[in-house]
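Here the structure is laid out as structure tokens; the discussion comes afterwards.
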Amino acid sequence: MYALVDCNNFYVSCERVFQPALEKRPVVVLSNNDGCIIARSDEAKSLGVPMGAPMFKYKNLLKKNNVIIYSSNYTLYGDMSSRVMDCLKIFTPQVEVYSIDEAFIGLDGANNNTLVEKMKKMKESINQWTGIPVSVGIAETKTLAKLANHIAKNYKEEGVYIIDRNSSRLVELLGNTEIEDIWGISKKWGARLRSIGISTGLQLQRSDPRRVRQCISIVGERIVRELNGVSCLPLESVQPRKSIMVSRSFGKAIRDVSSLKEAISNYTVTAAKKLRCQHSLCGSIYTFIQTNRFNLKDLQYSNSSVASFNEPTQDTFKLLKAVDISLKKIYRPQFEYHKAGIILSQLTTKINASLSEKNTASNYKGIFGMQPDLFLVAYENYKRVHKRERFTNTIDKINEKLGLGTIFYGAQGVEKKIQKSHKSKVNWRMKSYYRSSAYTTRWDQLLRVS
DNA sequence: TCTGGGGTCCTAGGACCC
DNA sequence: TCTGGGGTCCTAGGACCC
């Protein structure tokens, strides 16, 4: 058995923990750059504010109904998320963190008769310890647990719902579920399935898996089997990321290459830090820039460039140099740019390297922690790589201790430190007018109680 | 005026091998 | 006029998720 634990209106709930007056009031949280509405309280949902709606289209509605608006605050949400996940780990070691606001937990060896009661207790504890309300769906497979969670959330059921595959209620439930509401089926595949006469969850459950495979892919076949209680998607442990992307839309359109470089350099620094945090090296970095695709009257342009490294790296300087070269290749002065980003890919795990111990010249990976450049003299290369590594680690440590950006790279822009407010002259900085504090991660932003 | 960001997996097709 | 068969690996693009 699996349980899916999903936080209710997660971002809104995070804000409410620190502003209890927001309870029972309509609240929304915006995406980066204050662009779209990506989280809504129940009250906001019932006003008819759809998920992912562009903010500017709903501004009047929000204003008229006194909806409270927040910019997204991922520092806060990320920290609240790990608190919730830590709670789950108290109840069982079998936890798969699936996204910022949900986790699957394995219930092997649990007694089915007491399962619902146990999950209710867990739900209450999480609420007590973190202030975050969650819903729990329990079933034999992940796909069914997703469905159970949907019931738990939308029909209350005290926030916990278990699917019994043999009950007639499952037939009713699947029969009332549109094909696109099944986990893993979205619009495109939904349309394809409808074209061969499958339009409800029940019809999908009862169809021939091979036929669905022909229509979609093996992914579809798995879904059919999962709906029939055959688990095809096991619980997975946390793995390092296979790619790391950092991209942003700009607060204002920008034209000059120096601003673009500054923005991209900042994204690269962020990505490189993430890379080192998960002890990976990257083999290549992809840089992209694009104009505003919504500005139909403007000429559109988007382009990208990949830089590969002879030797996988986690050195911020190397990455910055690579994106600088890439940017020069793709930049065209006649356009106004709206978004840019970078992607680190071909990630490999860095091994702890040392010249001593049992490592010999024949064991290059042991010495370097990676596959080194064939054409460099080994010992000189070793010294160089390790010198760079110590340097980068020192910068990381200083920034950890004294705050992010205490030491920064020239390419990030020297005005950086003084541009804290949204009056900033740095025009690529994203909009964030309604951001709350980093209550749980910064001493200078602790909640004040008077 | 204003339209997010960050991931994974699968498949088809091309390039290569013998 | 006629031009094989059987593989692997890599990548781009398309689908999905939150």
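Naming convention: chains lettered A, B, ... in sequence-line order (proteins, then strands); numbering from 1 in each chain.
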query: Taking the six-membered ring for Trp, is the centroid-to-centroid distance between A:Tyr301 and A:Tyr331 below 6.0 Å?
result: no

- request: Would you indicate what A:Ile343 reaches in the nucleic acid, counting non-hydrogen atoms under 4.0 angstrom: base, sugar-phosphate, or nothing?
  value: nothing

message: Under 4.0 Å, heavy atoms only, any strand: does A:Ser72 hit a base, just the sugar-phosphate, or nothing?
response: nothing

message: Can a side-chain donor-acceptor contact be found between A:Asn9 and A:Lys45 if the only test is distance below 3.5 angstrom?
response: yes

- prompt: Which is true for A:Met245 with a 4.0 Å heavy-atom rule: it touches a base, it touches only sugar-phosphate, or it touches nothing?
  reply: base

statement: Of A:Lys318, A:Lys261, A:Lys329, the one forming a salt bridge (charged side-chain N to carboxylate O under 4.0 Å, His left out) with A:Asp324 is A:Lys261

message: Students should find this one: the first and last nucleotides of DNA chain B, 5' to 3', lying under 4.0 Å from a heavy atom of chain A. What are they?
response: B:dC2 to B:dT11

message: Base, sugar-phosphate or nothing for A:Lys142? Non-hydrogen atoms, less than 4.0 Å.
response: nothing

query: More 5' along DNA chain B: A:Glu236 or A:Phe250, using each one's nearest nucleotide?
result: A:Phe250

query: Of A:Met430 and A:Lys242, whose nearest nucleotide on DNA chain B comes first from the 5' end?
result: A:Met430

- request: Answer with base, sugar-phosphate or nothing: what part of the nucleic acid does A:Asn33 contact at a heavy-atom distance below 4.0 Å?
  value: nothing

Contacting residues from residues 82-107 of chain A, given that a heavy atom lies under 4.0 angstrom of DNA chain B: none

- prompt: So, A:Gln205 versus A:Ser207: side-chain donor-acceptor pair below 3.5 Å or not?
  reply: no

query: Are side-chain heavy atoms of A:Tyr434 and A:Glu15 found at a separation under 4.5 Å?
result: no

Gap separating the OG1 atom of A:Thr440 from the CG atom of A:Leu76, nearest 0.5 angstrom: 5.5 Å

Modelled atom types, side-chain donor and acceptor of A:Asn8 and A:Ser135, under 3.5 Å: yes

- request: Tell me what A:Arg213 touches on the nucleic acid: a base, only sugar-phosphate, or nothing, going by heavy atoms under 4.0 Å.
  value: nothing

- prompt: If you look at every strand shown and take non-hydrogen atoms under 4.0 Å, does A:Ile216 touch a base, only sugar-phosphate, or nothing?
  reply: nothing

Short side-chain donor-acceptor distance under 3.5 Å, A:Thr316 and A:Arg276: yes

query: Checking all strands, does A:Lys57 fall into the base, sugar-phosphate, or nothing category for heavy-atom contacts under 4.0 angstrom?
result: nothing

Side-chain donor-acceptor contact under 3.5 Å, A:Asp315 with A:Thr313: no

